[in-house]
**Student:** 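Mind looking over this structure? Questions follow.
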Amino acid sequence: MHFDVAPAFFLLGALAALVKADLKFPPSLYQSLTLFLLVAIGLKGGVALAAHGNSDVIWEALAVVSLGVVLPLLAFPLLRKLGQLGKEDAASIAAHYGSVSVGTYAVAVAMLEAFNISYEAYFPLFVVLLEMPAIVVGLALARGTGKDSGYNYRELLHEIFCNQGIVLMSGALLIGYLAGPGADSVMPLFGGMFHGLLALFLLQLGVVAASRLAEIRLNAPFVTAFAVLMPLIGATLGALLGEFIGFSVGGVILLAVLGGSASYIAVPAVMQSALPDANHSLSIAASLGVTFPFNVLVGIPLYIAVITYFKPVT
Amino acid sequence: MNSIPLMFSTVTGLFLTAVGAALASSGIAGWGLFTVGLGILTVAFVSRATASPRLISLNLNNTDGAARLQQR
């Protein structure tokens with residue numbers, strides 16, 4: 001029987017929080033582990049891009065960005081019509097579900113490596129690119145883009161392009177790309193310790209996710225259903241797009257995971273600044289309290305099983 | 001809670017339960033999706049069950065109940 005270490009640590013953290021165990025983390029640990037993951041993923045992607053990247057990557061990147069535009073456009077009417085949420089709440093949640101989760105991506109990479117499924121190693125480039133379009137679409141859905149929208153565009157652009165996720169991942173990607181094999185000197189930290197630190201990250205995220213669950217109590221039936229159905233829609237579209245682009249089995253799985261994940265780092269920061277009246281606890285509770293656990297415990301193994309069934313690993 | 005979101009969660013729960021059962025029984029995937037679908041159905045039914053008495057209290061012109069609901 002295959003036992004996945006990463007989801008097990010996540011479950012341990014969630015169970016510890018649910019039984020109110022005396023589990024104490026240093027306050028800055030979550031932030032430190034997030035920084036580590038962002039740099040490690042970006043650096044590895046940059047090194048791979050230097051080794052294997054070619055002009056096709058540009059077209060692949062454009063196709064992947066289109067996924068980030070389509071997903072919030074699908075989520076928004078679901079949230080408005082079926083969830084009967086307000087315009088700003090719906091737009092904020094739609095942006096979360098069009099963007100991606102680096103934590104979910106890291107878990108997917110760890111699982112692919114455990115299953116010995118190879119993938120396009122420059123995928124972190126797509127992770128960086130998929131962070132942004134959904135934010136822009138979400139803001140346009142909330143208030144439009146005209147002068148009467150009330151946005152402070154200068155502040156917004158700063159939030160979108162200068163949040164820690166974008167800066168660290170794109171920066172590390174560029175450093176890895178420029179350094180190529182020269183990045184080997186830092187790989188014992190960012191490569192060798194990746195799985196161990198990911199386990200610690202998930203342990204703490206389990207605690208955070210379990211504590212967020214209480215916040216959806218008022219809209220629990222709709223939010224839980226949406227936070228599970230939307231990742232499945234996104235993952236299906238991601239897998240179809242990956243197959244259309246011509247990715248390997250691992251690449252198709254990773255694009256499914258990116259399509260099915262929801263942001264809980266970059267988008268909340270931008271939305272809190274741009275849409276202060278939206279219910280931010282609802283969107284973060286849905287993405288971190290329901291979608292992230294769903295993807296880690298059920299979604300990713302499901303995407304791997306279904307995709308390898310239709311597209312066997314050669 | 002409004003009936004449309006409740007209906008959505010019920011239909012989603014039923015759909016995921018059915019798809020999860022089909023995937024698991026054909027050996028393609030585990031029972032995870034089936035379990036999640038059942039969980040969503042349970043949340044929907046529990047919410048429906050707890051919502052009904054409130055509506056009844058409103059229909060009987062129970063002003064205390066209506067005031068409490070408005071406060072919420």
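Note that this is a predicted model, so its numbers are computed, not measured.
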**Student:** Could you state the interatomic distance from CZ (A:Phe222) to OG (B:Ser47), rounded to the nearest 0.5 Å?
**Tutor:** 13.0 Å
**Student:** Specify the closest pair of heavy atoms between A:Leu232 and B:Leu16, including all atoms of both residues, with the distance to one decimal.
**Tutor:** CD1-CD2, 3.4 Å
**Student:** Looking at A:Tyr119, I want to see if its OH is surrounded by more than 12 non-hydrogen atoms of other residues, nucleotides or ligands under 6.0 Å.
**Tutor:** yes
**Student:** So, taking the atom named CD1 in B:Ile28 and the one named OG1 in A:Thr308, what distance separates them when rounded to the nearest 0.5 Å?
**Tutor:** 9.5 Å
**Student:** Counting a contact as any heavy-atom pair under 4.5 Å apart, which residues of residues 282-292 of chain A contact chain B?
**Tutor:** none
**Student:** Non-hydrogen atoms of chain A under 4.5 Å away: do they reach the side chain of B:Ile4, the backbone, both or neither?
**Tutor:** both
**Student:** Taking side-chain hydrogen bond (donor to acceptor under 3.5 Å, both in side chains) as the cut-off, I'd like each qualifying pair that reaches into residues 6-17 of chain B, sequence neighbours left out, listed once.
**Tutor:** B:Thr10-B:Arg48
**Student:** Holding to ring pair (Phe, Tyr, Trp, His ring centres under 6.0 Å), I want the full list of residues that pass it with A:Phe123, two or more places apart in sequence or in another chain.
**Tutor:** A:Phe126, A:Phe247
**Student:** Is it the backbone or the side chain of B:Leu41 that comes under 4.5 Å from a heavy atom of chain A, or both, or neither?
**Tutor:** neither
**Student:** Would you list the atom pairs, donor with acceptor, under 3.5 Å between side chains in residues 72-84 of chain A and any protein atom, with sequence neighbours excluded?
**Tutor:**
{"from": "A:Arg80", "atom 1": "NH1", "to": "A:Leu85", "atom 2": "O", "distance (Å)": "3.0"}
{"from": "A:Gln84", "atom 1": "OE1", "to": "B:Asn2", "atom 2": "ND2", "distance (Å)": "2.7"}

**Student:** Measure across B:Ala29 and A:Leu302 and return the closest heavy-atom pair with its distance rounded to 0.1 Å.
**Tutor:** CB-CD1, 3.6 Å
**Student:** At a 4.5 Å cut-off on heavy atoms, which part of A:Phe294 comes close to chain B: side chain, backbone, both, or neither?
**Tutor:** side chain
